[in-house]
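Heads up: the structure comes next, in structure tokens.
We're numbering straight along the sequence, starting at 1. Computed from a predicted model, the values in this text were never measured in an experiment. One-based numbering, in listed order, for ligands and for the atoms of each.
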Amino acid sequence: MSLCGRYARNVTERAPVSRKLSAIAESATLKVDAKAKSLQAAGRPVISYAAGEPDFATPPFVVDAAAAALSDPKNFRYTPAAGLPVLREAIAAKTLRDSGLEVDISRIIVTNGGKQAVYQAFQAVVNPGDEVLLPAPYWTTYPEAIKLADGVPVEVFAGSAQEYKVTVEQLEAARTEKTTVLVFVSPSNPTGAVYTPEETEAIGRWALEHGIWVITDEIYQNLTYDGVRAVSIVEAVPELAEQTILVNGVAKTYAMTGWRVGWMVGPADAIKVAGNLQSHLSSNVNNIAQIAAAAALNGPQDAAEEFRQAFDRRRKLIVGELSKIAGFTVPTPQGAFYVYPDVTGVLGRTWRGRTPTTSLELADLILEEVEVAVVPGEAFGPSGFLRLSYALGDEALLEGVRRLQELFSA
Ligand SMILES: Cc1ncc(COP(=O)(O)O)c(C=O)c1O
């Protein structure tokens with residue numbers, strides 16, 4: 001038989017790719033952003049509110065720390081999979097400072113961005129068939145990470161009328177004997193909602209009472225406005241620390257999305273199994289990036305504060321302008337850098353000859369008619385919403401909302 005014939009037969013008989021991975025959707029936010037970038041590259045004047053990343057440069061003192069680390073040959077070697085002690089010490093100090101939790105560095109694993117920490121957190125505590133309560137709207141990665149851990153995401157929806165925050169009553173109504181984990185994110189991506197200390201405590205006490213793990217994603221905890229503080233669920237309910245995994249990272253606070261440094265903090269047994277996973281999956285995070293992250297956490301916080309103030313200014317600007325559009329309901333976000341208008345008031349009406357009935361169709365219409373990229377609510381749960389990131393320059397930000405106002409003024 002010819003080689004060619006044998007090859008052809010092998011292809012026909014080849015087993016399919018993984019069913020589990022085939023069921024995983026591509027990140028919708030990255031997809032919209034990639035489409036916007038490719039249109040921009042083709043010369044189209046697209047304004048993109050799609051990306052969840054600060055438009056600022058990483059602070060120079062952080063870059064300098066990385067440059068210095070490049071001259072030290074020990075950084076060219078493998079280092080402990082759980083992370084460099086210098087960074088884990090910095091994370092322990094930050095966790096105490098911002099989440100009110102005192103932890104030994106043995107309970108910290110440094111990961112390739114908060115995203116790997118999210119993945120590993122679910123892998124560490126979910127068993128096949130476990131139900132994971134997922135307040136919706138949710139960040140697009142959670143349901144996929146839960147499914148990859150053989151868990152079952154159970155959405156608990158909170159709409160604009162309740163400022164996108166779930167209540168204990170809703171969580172209790174969704175709880176079954178299979179419920180083992182709750183995802184708690186404050187400030188939230190995509191809504192920017194921040195739970196009050198009282199709401200956080202009530203949810204924490206409920207989780208404690210029912211022995212439910214909490215995976216709390218605190219990556220936006222330093223980006224809050226109007227004097228609001230996002231109180232960590234382990235600060236609100238200290239006894240919860242033994243059943244909580246905290247996820248965090250430097251990406252959003254320090255304009256370090258590309259450096260890929262995040263971490264997870266948790267009880268010894270969860271950290272042990274997650275650490276074993278990471279030792280096979282990726283080993284240590286790039287040493288240079290870890291040293292830069294340690295500098296960001298330990299150094300002066302003025303640059304981070306300047307970024308926060310710029311986001312706050314843009315937040316007010318975009319909320320004010322979007323609120324002028326009839327049919328948009330725009331709760332004021334108190335954290336992160338997203339605004340999440342409820343757009344059900346414009347669906348089912350005709351705009352430039354088209355009648356969108358879902359936010360997915362609406363986002364397509366907006367991109368095609370006025371070259372503005374927004375992420376539809378379907379990426380985060382139910383239809384009827386749009387997510388706009390205001391982490392872009394003031395001029396582009398204003399031009400984009402002006403185009404939206406014009407489109408919906410007809
Ligand atoms: C809620 C939330 N958690 C985690 C991450 C992951 O961030 P990174 O992997 O860039 O550190 C993001 C990024 O968009 C996020 O929005």
Does the N or O separation between Val118 and ligand 1 drop below 3.5 Å for any pair? no
Of Trp139, Tyr338, Tyr225, which meets ring pair (Phe, Tyr, Trp, His ring centres under 6.0 Å) against Tyr220? Tyr338
Side chain or backbone of Gln116 under 4.0 Å from ligand 1, or both, or neither, by non-hydrogen atoms? neither
Specify the protein heavy atom at minimum distance from atom 11 (O) of ligand 1: its residue, its atom name, and the distance to 0.1 Å. Gly114 N, 2.6 Å
Look at atom 13 (C) of ligand 1 and find which of Lys115, Glu53, Lys252, Arg260 reaches it with the closest heavy atom. Lys252
Write out the residue and atom name of the closest protein heavy atom to atom 12 (C) of ligand 1, then the distance separating them to 0.1 Å. Trp139 CZ2, 3.4 Å
May I ask you to decide if Ala81's main-chain N or O and Gln278's side chain share a donor-acceptor pair within less than 3.5 Å? yes
Can you list the ligand 1 atoms lying under 4.0 Å from a non-hydrogen atom of Ala251? 10 (O), 11 (O)
Counting each atom of ligand 1 from 1 as listed, which ones have a heavy atom of Tyr142 under 4.0 Å away? 1 (C)
When you measure from atom 7 (O) of ligand 1 to every protein heavy atom, which one gives the shortest distance, and what is it? Ile219 CD1, 3.5 Å
Which of these, Asp217, Asn189, Thr141, Thr140, has its nearest heavy atom closest to atom 16 (O) of ligand 1? Asn189
Neighbour count >12 (heavy atoms, 6.0 Å) for atom NZ, Lys74: no
Tell me whether Gln123 contacts the main-chain N or O of Tyr119 through its side chain, where contact means a donor paired with an acceptor under 3.5 Å. no
Arg387 side-chain N/O to Val375 backbone N/O, donor-acceptor pair under 3.5 Å: no
Any chance the rings of Tyr254 and Phe307 have centres within less than 6.0 Å? no
Is the gap between the ring centers of Phe380 and Tyr138 under 6.0 Å? no
Of all the heavy atoms in Gly113, does at least one lie under 4.0 Å from an atom in ligand 1? yes
